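Worth saying up front: this structure is predicted, and the values here are computed from it rather than measured.
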There are 2 protein chains.
Amino acid sequence: MRTPHHPERNQLDLSAVLYALSDPTRMEVVRRLAGEGELACGTFGLPTTKATLSHHFKVLREAGLIHTRVEGVHRYNSLRKQDLEARFPGLLKAVLKASGQS
Amino acid sequence: MRTPHHPERNQLDLSAVLYALSDPTRMEVVRRLAGEGELACGTFGLPTTKATLSHHFKVLREAGLIHTRVEGVHRYNSLRKQDLEARFPGLLKAVLKASGQS
DNA sequence: CAAAAAGTTAGATAACAATCAAACTATTTG
DNA sequence: CAAATAGTTTGATTGTTATCTAACTTTTTG
């Protein structure tokens, strides 16, 4: 299967990024990727079906927060840290820090 | 009229804050308040009706982003900069900076 | 008190989003 | 090739949100 589409760094839209992060499930995905690096979709252990999780990954991908690499039967996801930092300096760090509190 | 309810500093919810900021109209309100200080609802000149704007102010207020002070026939709104900085350090600054780009 | 001004609230509508089950696609392995 | 695995897509459902008009509340002012 082909690699899905990812927006360019300089086309990242702040509203889309903030919207994607405003969902607790998606935030949790981002937190896990921030802490553990590249992860396949199936390894998150979140309380939803595959279909729902696939939807959340799509939202994150289309907002430019994650990159999905296809290898064999897996999709490996990673946070687009550099792109996010270049486009929105300090934002990801502040969000991750904030999400670590109660 | 009585002052509307505002959430406490330590009860601010990150998801609610990010969601509130993910709407371009609301982000514009926040930007104006960040730049110009306290403003009455009617002074924003945004392309919506009073009712819609009132709705957006309510979302911002309930997320804890703004404070609304009632004085006579006006509602003066201000950004809760200190509260936001205390609860989510660096977040508002990064968002405002990011929203200033294209 | 009547009218104006500034917002809010209620009710309606239309668009959007989250979720799931079921069907599907692609890859690996027996 | 058949089965298993990993994830996507489709279609349906349900709930949420943005928006508007119209009616309402509160305060100020003639």
Measure from the side-chain heavy atoms of Lys58(A) and tell me the nearest of dA6(D), dT9(D), dT9(C).
dT9(D)
Value in whole Å for how far the P atom of dT8(D) lies from CZ of Phe57(A)
8 Å
Leu53(B) has an atom CG; how far is it from atom C1' of dG7(C), in whole Å?
10 Å
Does the Glu71(A) side chain pair with the main chain of Tyr76(A), one donor and one acceptor, at a distance under 3.5 Å?
no
Roughly, in whole Å, what's the span from CG in Leu39(A) to C1' in dA6(D)?
15 Å
Check whether any side-chain N or O of Thr52(A) sits under 4.0 Å from OP1 or OP2 of dC20(C), and answer yes or no.
yes
Find out whether Arg31(A) and Leu96(A) are in side-chain contact, i.e. whether some heavy atom of one side chain is under 4.5 Å from a heavy atom of the other.
yes
Which of these nucleotides, dA6(C), dT19(C), dG7(D), is closest to any side-chain atom of His74(B)?
dA6(C)
Atom CD of Glu71(B) to atom P of dT26(D): distance rounded to whole Å?
18 Å
Could you check Val59(A) against Gly72(A) and say which one's nearest nucleotide on DNA chain C is further toward the 5' end?
Val59(A)
When you measure from the side chain of Arg9(B) to the backbone N and O of Arg80(B), does any donor-acceptor pair fall under 3.5 Å?
no
Tell me which of Val73(A) and His56(A) sits closer to the 5' end of DNA chain C, going by the nucleotide each one is nearest to.
His56(A)
Stepwise side-chain contact (heavy atoms from CB on, under 4.5 Å) test for Leu18(B) and Leu18(A)
CA-CA 5 Å; Leu18(B) 295 178; Leu18(A) 296 178; 3.9 Å; yes
Just to be sure I understand the rule, does Arg61(A) reach a base, reach only the sugar-phosphate, or reach nothing, if contact means heavy atoms closer than 4.0 Å?
sugar-phosphate
Polar pairs (N or O, both sides) under 3.5 Å between protein and nucleotides 14-17 of chain D?
unit_1	atom_1	unit_2	atom_2	d
dT17(D)	O3'	Tyr19(B)	OH	2.9

Report yes if some heavy atom in the side chain of Leu91(A) is under 4.5 Å from a heavy atom in the side chain of Leu91(B); otherwise report no.
yes
Rounded to whole Å, the CD1-P distance (Ile66(A) to dG7(D)) equals 12 Å
Please tabulate, for side-chain N and O atoms in residues 56-65 of chain A, each donor-acceptor pair with protein atoms closer than 3.5 Å (sequence neighbours left out).
unit_1	atom_1	unit_2	atom_2	d
His56(A)	ND1	Arg26(A)	NH1	3.2
Arg61(A)	NE	Thr68(A)	OG1	3.0

Rounded distance (Å) that lies between atom P of dG7(D) and atom CG of Leu46(A)
13 Å
Are any non-hydrogen side-chain atoms of Val30(A) and Val95(A) less than 4.5 angstrom apart?
no
Does Thr49(B) have a side-chain nitrogen or oxygen under 4.0 Å from the phosphate oxygens OP1 or OP2 of dT19(D)?
no
Side chain of Arg75(B): nearest nucleotide among dC20(C), dT9(D), dG7(C)?
dG7(C)
Atom CZ of Arg69(A) and atom C1' of dT8(D): how far apart are they, to the nearest Å?
18 Å
Using whole Å, what does the distance between atom C1' of nucleotide dA6(C) and atom CZ of Phe44(B) come to?
14 Å
